[in-house]
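In this chain, residues are counted from 1 in sequence order.
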Amino acid sequence: MALLGTALALAVSGATLSAAAADAGPRAPRTERVSTAGDGTQLDGRSLDAGISADGRYVAFATKAERLRCHQQTYACLVLKDRVTGELTPIPNDGDSSWGTPVLSRDGRRVGHTAGTKSPAPMVYDRDTGRNVNVGAPGNGTGLLRAVSPDGGTVAYTSGDRFRPAQDLRVRDLATGADELIGGDGWFGAASLSADGGLLAYVTRGADGADLFVRDRGTGATTQLDQGLGEAGFVQLAENGRGALFVAGGRTYAYDLRKGAAREVADAPARSASPDARHAVLAEGADGTALTLLDVRTGGRAPVGPGAVVPGAVTAEGRAVAFTSAATDLVPDDTNGSTDVFLRHTR
């Protein structure tokens, strides 16, 4: 870790513009490479699976860059990029060797992810303290991190054993340590939390395939959103808890929780969405690599780029999308021959 910290420190430069200044005001759509050192030079290894804070300042992603000593890991390092300072901070791994897709709190303080190969563990990194903590079930640290509430106070995760790490679904209050079992002895997939963690959307497998539910943790009331629409997948609960975006049967739907009604908004699957669930990134094209940002309210569409996107990769109001691409013509001087993480500014 000392070598990695040294490498990262050497890669940092004070010349980077602030994220706020770089993104302020109406500007033409543009693409920025994020997987760089602090001085803007490209990394010498593949980077992928980026999550982003709501204001776009912090981006967490996996990388195998040799200059960061990440090629020595069996799989990849997980790093946090501050777009204001350019600083790359390694998320400590205690000698482990793999990482799940990161998901950030709204302010980028907390980074949820899954660590471990043989026995995965749900983890949360705190940028303020520099600590990376297993938030798994009491007495059993095995599981998968599924969601972090926008306020950073609550996480949803699964627990089980190394062979069935997703058999129980739980929610933990990071301040009090209170742990709630949502469902057990099954399989639980994608999940999303409202701003304060009071509402939880989650996918679970039933007799007819994967179904999507929203649980009001205060009242215990549970509502199924995908009734009769097909196999459920990605879900993004709006921060205010009034609606959700989700995928079922390969199509994207918007659900109004106050009216109890779903409407189709795209005949392609969404892979990520903004915190308010208004903007969705669709995976279109024959191979699903043509990324398009959809404004659910107006129906407007904006191209993002060729590549892949993960949940938690869209900033507030859909202003920017973090994505992975192997394309070499998105920014000048892309010669590292590897996938990079890019940020598509839509306006």
Side-chain angles (χ1 to χ4, degrees), residues 51-55 58 60 80 91 100-115 120-129 131-160 165-166 168-184 188-204 212-223 225 234-246 257 272-277 310-314 316:
I52 193 167
S53 61
D55 65 358
Y58 296 97
L80 184 65
I91 293 179
T101 300
V103 57
L104 282 65
S105 60
R106 181 172 248 279
D107 61 2
R109 172 182 170 179
R110 290 193 164 111
V111 181
H113 57 98
T114 299
M123 308 290 292
V124 173
Y125 171 74
D126 189 320
R127 176 170 49 82
D128 286 358
T129 66
R131 297 181 63 219
N132 194 34
V133 178
N134 186 323
V135 295
N140 176 18
T142 300
L144 308 171
L145 197 288
R146 292 303 196 196
V148 176
S149 63
D151 70 3
T154 310
V155 297
Y157 69 97
T158 65
S159 64
D168 299 334
L169 179 63
R170 312 180 76 100
V171 172
R172 169 162 295 207
D173 185 313
L174 296 181
T176 67
D179 195 89
E180 177 187 359
L181 177 65
I182 303 297
F188 296 88
S192 181
L193 288 157
S194 60
D196 61 358
L199 293 181
L200 170 69
Y202 62 93
V203 173
T204 186
L212 171 63
F213 298 89
V214 170
R215 168 78 63 89
D216 184 323
R217 296 179 54 232
T219 67
T222 301
T223 304
L225 306 192
F234 167 78
V235 59
Q236 174 69 52
L237 190 62
E239 287 179 308
N240 61 14
R242 295 177 181 175
L245 280 173
F246 68 92
L257 286 165
S272 194
S274 57
D276 61 2
V310 299
V314 186

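The line from CG of D196 to CZ of R217 is 9.0 Å long, rounded to the nearest 0.5 Å.
Between S272 and G312, the closest heavy-atom pair is OG-N, 3.3 Å. The shortest non-hydrogen separation linking L245 to A277 is CD1-O, 3.1 Å. Heavy atoms only, all atoms of each residue included: A195 and P150 are closest at CA-CD, 3.6 Å. Smallest separation of non-hydrogen atoms from S159 and A137: CB-CB, 4.0 Å. The nearest pair of heavy atoms linking L225 to A244 is CD1-CB, 4.1 Å. Between P120 and T114, the shortest heavy-atom distance links the atoms CB-CG2, 3.7 Å.
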>> Under the criterion side-chain contact (heavy atoms from CB on, under 4.5 Å), I'd like the reasoning laid out for L237 against L257: C-alpha separation, chi angles, the key distance, then a yes or no.
In response: CA-CA 10 Å; L237 190 62; L257 286 165; 3.9 Å; yes
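Every residue meeting the salt bridge (Lys or Arg N to Asp or Glu O under 4.0 Å) condition with D179, not counting sequence neighbours, appears here in chain and number order: R170, R172. Residues passing the salt bridge (Lys or Arg N to Asp or Glu O under 4.0 Å) test with R215: none are found, sequence neighbours excluded.
The shortest distance between side-chain heavy atoms of T204 and L169 does not fall below 4.5 Å. Residues Y202 and T222 are in side-chain contact: their nearest non-hydrogen atoms beyond the backbone lie under 4.5 Å apart. Between S149 and V155, every side-chain heavy-atom pair lies at or beyond the 4.5 Å cut-off. Side-chain contact between I91 and M123: absent, with no pair of heavy atoms (C-beta onward) separated by less than 4.5 Å.
Geometrically, R127 engages Y58 in a cation-pi contact, judged by NZ or CZ lying under 6.0 Å from the ring centre and within 45° of the ring axis.
Ion pairing of R109 with D126 is present here, as a side-chain N (NZ or NE/NH1/NH2) and a carboxylate O approach within less than 4.0 Å.
Although no hydrogens or angles enter the test, the distance criterion places no donor-acceptor pair under 3.5 Å between the side chain of R146 and the main chain of T158.
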